[in-house]
Amino acid sequence: ATKRAAELEALAAPNTVVARVCLLYGPTRCGRATFFDRSIADLRAGKPQTFFDDEHRTPLDFQTVANVLVALVRSDTRGILHVGGRERLSRFELMSRTARTLGLDAALVQANSRADTVFDEPRPADLSLDTRRLAGLLPEIERPTVEEAIRRMYMG
């Protein structure tokens with residue numbers, strides 16, 4: 001409700017674009033470890049990690065989102081734009097693919113169900129975004145697969 005109210009307030013201003021950003025991933029850019037950083041560190045240490053396999057999103061890496069946002073500022077795009085990756089994935093799928101790409105033991109990535117978790121506020125199981133408009137408006141911005149993004153971020 002808070003996000004929607006903020007979107008409506010922003011859209012009331014002239015020449016506005018609202019970028020709805022889905023699940024972001026990648027190493028920290030500010031020195032404070034993120035959930036993703038901690039998960040990778042634990043997997044590297046051989047500690048099993050659990051991730052929802054029944055909640056879906058369209059994850060996108062930090063660098064690509066930054067590129068999209070810069071392009072939007074420079075464009076005349078208006079209205080609401082969904083900013084997300086090309087693929088609809090669960091966190092379990094995201095982290096399994098990340099582990100394999102980094103050469104980590106993917107068996108340490110274990111599935112759990114969001115149905116077994118109590119949330120402060122209800123949310124749908126499918127949080128993925130339809131990014132066809134993004135692809136049409138900014139075709140020059142490559143939205144890499146998880147494997148491509150992980151290799152770029154961690155392997156140069």
Discussion item. Is it the case that over 12 heavy atoms from other parts of the model lie below 6.0 angstrom from the CD atom of Glu9?
Written reply: no
Item to complete: Would you indicate whether the side-chain heavy atoms of Tyr25 and Met95 approach each other to under 4.5 Å?
Response: no
Worksheet item: Passes side-chain contact (heavy atoms from CB on, under 4.5 Å), Leu23 versus Leu127? Steps please.
Response: CA-CA 9 Å; Leu23 179 65; Leu127 297 156; over 6 Å; no
Worksheet item: Rounded to the nearest 0.5 Å, how far apart are OG1 of Thr98 and CD of Glu93?
Response: 11.5 Å
Worksheet item: Side chains of Asp116 and Ser113: donor-acceptor distance under 3.5 Å anywhere?
Response: no
Fill in: Arg20 and Lys3, any side-chain heavy atoms less than 4.5 Å apart
no
Discussion item. Between Thr77 and Leu72 (side chain of the first, backbone of the second, donor and acceptor by atom type, cut-off under 3.5 Å), is there such a pair?
Written reply: no
Worksheet entry | Carboxylate-amine/guanidinium proximity below 4.0 Å for Glu142 and Arg152 | no
Practice prompt. Working to the nearest 0.5 Å, report the span between OG of Ser90 and CZ of Arg114.
Written response: 12.0 Å
Validation: residues 29-36 side-chain donor-acceptor distances under 3.5 Å, sequence neighbours left out:
| residue | atom | partner | partner atom | Å |
| --- | --- | --- | --- | --- |
| Thr34 | OG1 | Phe36 | N | 3.3 |
| Thr34 | OG1 | Asp37 | N | 3.0 |
| Thr34 | OG1 | Asp37 | OD2 | 3.1 |

Item to complete: Quick one: pull up CG in Asp42 and CG in Leu108 and give me the separation to the nearest 0.5 Å.
Response: 10.0 Å
Discussion item. Donor-acceptor check, side chain of Ser128 to backbone of His56, threshold 3.5 angstrom: yes or no?
Written reply: no
Worksheet item: Just checking, is any N or O donor in the side chain of Thr131 or Arg143 under 3.5 Å from an acceptor N or O on the other one?
Response: yes
Discussion item. My understanding is that only residues two or more places apart in sequence, or in another chain, count here; which of them pass salt bridge (Lys or Arg N to Asp or Glu O under 4.0 Å) with Asp130?
Written reply: Arg132
Practice prompt. Could you tell me the separation between the CD atom of Glu55 and the CG atom of Asp126, rounded to the nearest 0.5 Å?
Written response: 9.0 Å
Practice prompt. Using atom types as modelled and distance alone, determine if a side-chain donor or acceptor of Ser75 lies under 3.5 Å from a backbone N or O of Val73.
Written response: no
Discussion item. Taking the basic N atoms (NZ, or NE/NH1/NH2) and the acidic carboxylate oxygens, is any pair closer than 4.0 Å for Arg151 and Glu148?
Written reply: no
Worksheet item: Can you name the residues that form a side chain to side chain donor-acceptor pair (under 3.5 Å) with Thr28, not counting sequence neighbours?
Response: none
Item to complete: Nearest 0.5 Å please: distance from the CZ atom of Arg97 over to the CD atom of Glu147.
Response: 4.0 Å
Worksheet entry | pair Leu102-Leu43: side-chain heavy atoms closer than 4.5 Å | no
